[in-house]
Colleague: 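Below are the structure tokens for one structure; questions will follow.
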Amino acid sequence: MTYVIAQPCVDVKDKACIEECPVDCIYEGQRSLYIHPDECVDCGACEPVCPVEAIFYEDDTPEEWKDYYKANVEFFDELGSPGGASKLGLIERDHPVIAALPPQAE
Ligand code: SF4
Ligand code: SF4
């Protein structure tokens, strides 16, 4: 099990969640952040601080955003398990589900 970042983060990315994560497993893509499914320890610290309620426990992800579980997992297909997001910084790409979205922010 893991936590998942869903659509409300796209084009918002205020990064409040990153500050809370004790294992540095929230990675920054071009338009969204992504939680590493194997590095996340399910502590839940990130979920309440997200101002747009983008973070869900895997099983509690709303039906309309179920694809985001896959997006968070597949984002790491090429990266593997880097063991820490801060050393990577911005990763200049997104999962195709997110890359295909029209601009979300006002
Ligand atoms: S706190 Fe929410 S909106 Fe901000 S970066 Fe994290 S998931 Fe995205
Ligand atoms: S649940 Fe905990 S370990 Fe997982 S991403 Fe959120 S803060 Fe990090």
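Counting from 1, the numbers follow the sequence of the chain as shown. Counting starts at 1 for both ligands and their atoms, in listed order.
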Colleague: Just by distance, do the side chain of Lys13 and the backbone of Gln30 share a donor-acceptor pair under 3.5 Å?
Modeller: yes
Colleague: Got the closest protein heavy atom to atom 3 (S) of ligand 2, with its distance?
Modeller: Val41 N, 3.3 Å
Colleague: Examine distances only and state if a side-chain atom of His36 and a backbone atom of Glu39 form a donor-acceptor pair shorter than 3.5 Å.
Modeller: yes
Colleague: For atom 2 (Fe) of ligand 2, grab the closest protein heavy atom and report residue, atom and distance to one decimal in Å.
Modeller: Cys43 SG, 2.3 Å
Colleague: Any side-chain heavy atom of Tyr68 sitting closer than 4.5 Å to one from Ile5?
Modeller: no
Colleague: Select the closest option to atom 6 (Fe) of ligand 2 among Ala85, Cys25, Cys46, judged by heavy-atom distance.
Modeller: Cys46
Colleague: In terms of atom number and element, which parts of ligand 2 are under 4.0 angstrom from non-hydrogen atoms of Ile26?
Modeller: 5 (S)
Colleague: Specify side chain, backbone, both or neither for Thr2, according to which of its non-hydrogen atoms lie closer than 4.0 Å to ligand 2.
Modeller: neither
Colleague: Quick one: do Arg31 and Asp11 make a salt bridge, cutoff under 4.0 Å?
Modeller: yes
Colleague: Are Asp94 and Tyr34 side-chain neighbours, meaning at least one heavy-atom pair lies under 4.5 Å?
Modeller: yes
Colleague: Name the closest protein heavy atom to atom 1 (S) of ligand 2, giving the residue it belongs to and the distance to 0.1 Å.
Modeller: Gly44 N, 3.2 Å
Colleague: Do Val10 and Val4 land in one hydrophobic cluster if side-chain heavy atoms of ILVMFWY residues count as linked below 4.5 Å?
Modeller: yes
Colleague: For a side-chain contact (heavy atoms from CB on, under 4.5 Å) check, start with the C-alpha distance between Thr2 and Tyr69, then their side-chain angles and the critical distance, and finish with the verdict.
Modeller: CA-CA 9 Å; Thr2 180; Tyr69 168 70; 3.9 Å; yes
Colleague: Please work out whether any backbone atom (N, CA, C, O) or any side-chain heavy atom from C-beta onward of Val49 is under 4.0 Å from ligand 1, and answer side chain, backbone, both or neither.
Modeller: neither
Colleague: So how many protein N, O or S atoms does atom 4 (Fe) of ligand 1 have within less than 2.8 Å?
Modeller: 1
Colleague: Should you measure from each heavy atom of Tyr3, which atoms of ligand 2 turn up under 4.0 Å away?
Modeller: 1 (S)
Colleague: Can you classify the ring geometry of Trp65 versus Phe56 as parallel (below 30°), tilted (30 to 60°) or perpendicular (above 60°)?
Modeller: tilted
Colleague: Considering heavy atoms of the protein only, find what lies nearest to atom 4 (Fe) of ligand 2 and give residue, atom and distance to 0.1 Å.
Modeller: Cys40 SG, 2.3 Å
Colleague: Quick one: which ligand 1 atoms are inside 4.0 Å of a heavy atom on Ile55?
Modeller: 7 (S)
Colleague: Check whether the side chains of Asp24 and Ser86 place a donor and an acceptor atom closer than 3.5 Å, and report yes or no.
Modeller: yes
Colleague: Any atoms of ligand 2 less than 4.0 Å from a non-hydrogen atom of Val23? List them with their elements.
Modeller: 3 (S)
Colleague: Taking Glu53 for the side chain and Pro51 for the main chain, is one N or O donor matched with an acceptor at less than 3.5 Å?
Modeller: no
Colleague: Where do Tyr57 and Tyr3 land on the ring pair (Phe, Tyr, Trp, His ring centres under 6.0 Å) test, with the steps shown first?
Modeller: CA-CA 4 Å; Tyr57 187 57; Tyr3 277 73; 5.2 Å; yes
Colleague: How close does the nearest protein non-hydrogen atom get to atom 8 (Fe) of ligand 2, and which residue and atom is it?
Modeller: Cys21 SG, 2.4 Å
Colleague: Heavy-atom contacts with Pro22 under 4.0 Å: which atoms of ligand 2 show up? List them by number with element.
Modeller: 7 (S)
